[in-house]
Amino acid sequence: MSNLTLGDNKQDTLSSDITNDLLVKYDGIEESKRILKIGLPIIGLTTLFIFVSIIVTDQSQYMIVASISFVLLFVEYMLATRGHVIVASYIVSLTPSVMIAYSYVYYLDFTDEISVLYAFWLSIFFSALFLPGIHYVISLVLTLLTIAFTLQFIEGFTVAQYIEHFDLLFTFSLAVMFATSLFFGRHLMSKLLIQEVEKKNKANKILLAKTQAMEKVRAEAELASKNKSIFLASVSHELRTPLNGIINFSGFLKNGKFGEVAPQHSHMIERIYDSGHELLKLINNVLDSSKIASGSFMLFYEDDITVEDLFDGFDKIDNFKILTTNIKGQSIAETGIDYYLNGTGETYPLLKLDIDRIRQALFEILMLCFYYTTSGFVSMDVTQSATSLIINIEDSSGSELDDIMPDLFDFTKLSTSEIVFHIGLGLSIAKEIIDLHNGTITYNHKEKGNLFQIKLPVLKEHSA
Amino acid sequence: MNHPFVCVYFEDNADARLILDMIFPISDMRLVTYEDSSSFFDKIERVEGKIVCFILDIHIPPHDGFEMLKMLKKDAQYSEIPVIALTASVTKDEVELLRSAGFNGAMSKPVDVDLFPKVVKKILEGQIVWAIG
């Protein structure tokens, strides 16, 4: 249980790390929200101040300009607070052009035109300044173009004339306009920022939920895999303990440690001994297959292996009859199958490979051939190409494995009716061993039986 | 006594003890077996003859193989004597634990009776042998 608890804690820590990574934290977001909240009252008050100034100074001709300004600001605010920040910003940038066009159409006093123009020109410059990236550039270009276009219709416009017609009220109004637009720009920027942050956080929350769900599935799978490993380790331990007695006690009897055994007992004792070894091999294969499944199946390469080392003991059927016999409960000697090993006497370069694993692989394939062969022969021929050791394993079984060939080396796809479990398991391990050596195994059905060809690029003088 | 040297074997499984009894003597070594690890040092000190190696089962009460190994390696009198693990736990993780614990070698159960004497001799010569199969 302590392991489980540890696992859960680990998961919690991981999730909280993900949360910290994903959620955007912006320190100014609260300030921005506050500005938004008081934005409308301030804009309203500023515009009201302009109206009052106009009335007090009795310059009623500005009333319409101020009204349009108010309406536009309000529309912009409404748009901005409802998510159309960019649209609102473009309206701000086009406001001065509208104002100038209005002034021109109604033939206002020249001074007024200049002042209104100047006020809005500045206001747009500063409000547009707060637009993000490319929108700022577009808005500014649009504004300058429309102003330049409108100025063509104002006769005799010069900077000197503006200075000459300096007006205190307008300068003051201009300052207020300037402050308002600056504020409005800040306001738009805040709104935009909040929207972006919230949008990002919303997306990240979905992502976070997905990540957490995936993490949960992963943790569950990990736990299941861990439990499976613990189970397999226990099964292996619990089977090996009694096998110690079965194999060794029958071995002592078989070898006459307690005196000669009667012939009718001798066969049974041998069967106990052989079956014990078969079970042990099966347990080892189950553990190997579990390692393959978890990707922890490792090779231990050795240098300078000779072909004689590799095939040591493979020359005599007696040396591995223990296992082949058990497939059918009948010794190969009794079935009369011949067995040959050819080609190991030739000269070969030294090999670099995991000798125990390659021997295991060869063994498994021979097992398959002996399984299918009822009479005739099984043979193993060793040759070489420029880079590889080539091993042909052939039998006279007459069986056709073509139907199951695509799945022959993947025991999970073989049904027990097609092939016995432990042979299927052994073949998939053999395939893995050959693959890990960058070798290949191919199958051909021949007229009289099966032919497996194994190519191993393990010749040392070529592989350096 | 013909066999002046002693291997001490701690093993709770009677079959396993009997099997090693059958394998010994190896050269001039005889085997002394104990079926649990209680009063650990009392048991060792009771052994007659010179102890040249310990063979430890791993899953044995009350002190498991790892604890016995620790006790031996801490004791000046025994710290230089090779300790062999004899275990039916042979998965990669379990073998890794044996290696990192500091055993001088390990053999798996079922015991390979032909290989066993060779492995013990190699370990006594100072080699570290992992005969897990």
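Note on naming: letters A, B, ... go to the chains in the order of the sequence lines (proteins, then strands), and numbering restarts at 1 for each one. Only a predicted model underlies this, so the values are computations on that prediction, with no experimental measurement involved.
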On a heavy-atom basis, the closest approach of A:F252 and B:I19 is CZ-O, 3.9 Å
Given a strict heavy-atom distance threshold of 4.5 Å, which part of A:F297 is in contact with chain B: side chain, backbone, both, or neither?
neither
Turns out that what part of A:L243 lies under 4.5 Å from chain B's heavy atoms comes down to both
Determine whether more than 12 heavy atoms belonging to other residues, nucleotides or ligands lie under 6.0 Å from atom CZ of A:F231.
no
Can you list the donor-acceptor atom pairs spanning chain A and chain B that come in under 3.5 angstrom?
from: A:R240; atom 1: NH1; to: B:K109; atom 2: O; distance (Å): 2.6
from: A:R240; atom 1: NH1; to: B:G133; atom 2: O; distance (Å): 3.2
from: A:R240; atom 1: NH2; to: B:G133; atom 2: O; distance (Å): 3.0
from: A:N244; atom 1: OD1; to: B:V111; atom 2: N; distance (Å): 2.8
from: A:N248; atom 1: ND2; to: B:V111; atom 2: O; distance (Å): 3.0
from: A:K257; atom 1: NZ; to: B:M22; atom 2: O; distance (Å): 3.1

